[in-house]
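The next block holds one structure in the form of structure tokens; read it before the comments.
Just so it is clear, the structure is predicted and the values come from calculations on it, not from any experiment. Just so we're on the same page: letters track the sequence lines, and every chain starts at 1.
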Amino acid sequence: GAVVSQHPSRVICKSGTSVKIECRSLDFQATTMFWYRQFPKQSLMLMATSNEGSKATYEQGVEKDKFLINHASLTLSTLTVTSAHPEDSSFYICSARKTGGFWNTEAFFGQGTRLTVV
Amino acid sequence: EDKVVQSPLSLVVHEGDTVTLNCSYEVTNFRSLLWYKQEKKAPTFLFMLTSSGIEKKSGRLSSILDKKELFSILNITATQTGDSAVYLCAVEAIIISYGKLTFGQGTILTVHP
């Protein structure tokens with residue numbers, strides 16, 4: 001099946017620094033990628049939808065300047081958590097759908113990134 | 001606002017038992033309902049349902065959708081300890097040219113030997 005690679009799988013950073021998380025579709029092109037956040041024992045909350053070549057669409061309550069999304073190619077989207085604070089500590093997961101096969105394909109998920117801000 | 005509610009939130013059974021997980025939804029511009037299994041990391045895909053009344057099966061797992069009642073169930077027969085996981089239901093809504101997934105809270109299934 002299709003593979004979505006997310007990197008890094010785990011990161012610990014100091015408060016005030018920025019962290020970049022990459023999401024790559026390895027064997028297919030993805031016009032649209034999605035970024036989710038998951039708190040312990042809770043479900044996935046959509047943060048933003050990343051569209052190749054255009055600005056991301058953010059969900060209500062998600063700060064655009066805090067969570068910068070770049071989708072520069074059909075196989076790569078990045079999420080940068082800027083000026084991270086301990087409350088940003090969470091599990092971040094990306095997903096992608098195949099371009100062109102949209103109507104009959106599921107979303108493939110990356111392995112997730114566990115961010116800990118100390 | 002799109003809404004997905006799963007029940008029960010947690011379930012503890014013994015190996016060999018059969019379980020039924022529920023998912024109800026309210027969504028504008030419904031396209032599909034998906035079930036995922038999440039163990040330690042990212043969710044893995046189980047089923048995608050788009051039509052009412054057509055059961056999808058994969059081994060001991062099966063699922064069906066009722067678009068009139070806005071409801072889906074996921075059945076697992078002869079459960080095994082390896083079935084222990086969080087099961088997520090997600091509903092896809094069409095937003096212009098792409099699908100947006102809204103997830104339920106998940107059902108934590110624990111299967112004891």
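- We find the OG1-CE distance between B:Thr102 and A:Met45 to be 8.5 Å, quoted to the nearest 0.5 Å.
- Under the 4.5 Å side-chain heavy-atom criterion for ILVMFWY residues, a single connected hydrophobic cluster contains both B:Phe30 and B:Phe47.
- Within 6.0 Å of NZ in B:Lys67 there are more than 12 heavy atoms belonging to other residues, nucleotides or ligands.
- Within 6.0 Å of NZ on B:Lys57 lie no more than 12 heavy atoms contributed by other residues, nucleotides or ligands.
- For B:Phe103 and A:Tyr36, the gap between ring centers is short of 6.0 Å.
- Under the 4.5 Å side-chain heavy-atom criterion for ILVMFWY residues, a single connected hydrophobic cluster contains both B:Leu65 and B:Leu46.
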Go through B:Gln38 and A:Ile93 one step at a time and tell me if the side-chain contact (heavy atoms from CB on, under 4.5 Å) criterion holds. CA-CA 12 Å; B:Gln38 185 177 27; A:Ile93 309 179; 4.0 Å; yes
Please determine whether side-chain contact (heavy atoms from CB on, under 4.5 Å) holds for the pair A:Leu44 and B:Tyr36, giving the CA-CA distance in whole Å, both sets of side-chain angles, and the decisive distance to 0.1 Å. CA-CA 11 Å; A:Leu44 281 74; B:Tyr36 288 87; over 6 Å; no
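- Heavy atoms closer than 4.5 Å to chain B are found nowhere in A:Ser95, neither backbone nor side chain.
- B:Leu21 and B:Val91 fall within the same hydrophobic cluster, defined by Ile, Leu, Val, Met, Phe, Trp and Tyr side-chain heavy atoms under 4.5 Å apart, directly or through other members.
- With a 4.5 Å cut-off on non-hydrogen atoms, B:Leu101 touches chain A through its backbone and its side chain both.
- Sparse packing is recorded around CD of B:Glu1, with 12 or fewer heavy atoms of other residues, nucleotides or ligands lying under 6.0 Å away.
- The backbone N or O of B:Gly106 lies less than 3.5 Å from no partner atom in the side chain of A:Ser43, so there is not a single donor-acceptor pair.
- In this structure, chain B has a heavy atom under 4.5 Å from the side chain of A:Gln38, while its backbone stays farther away.
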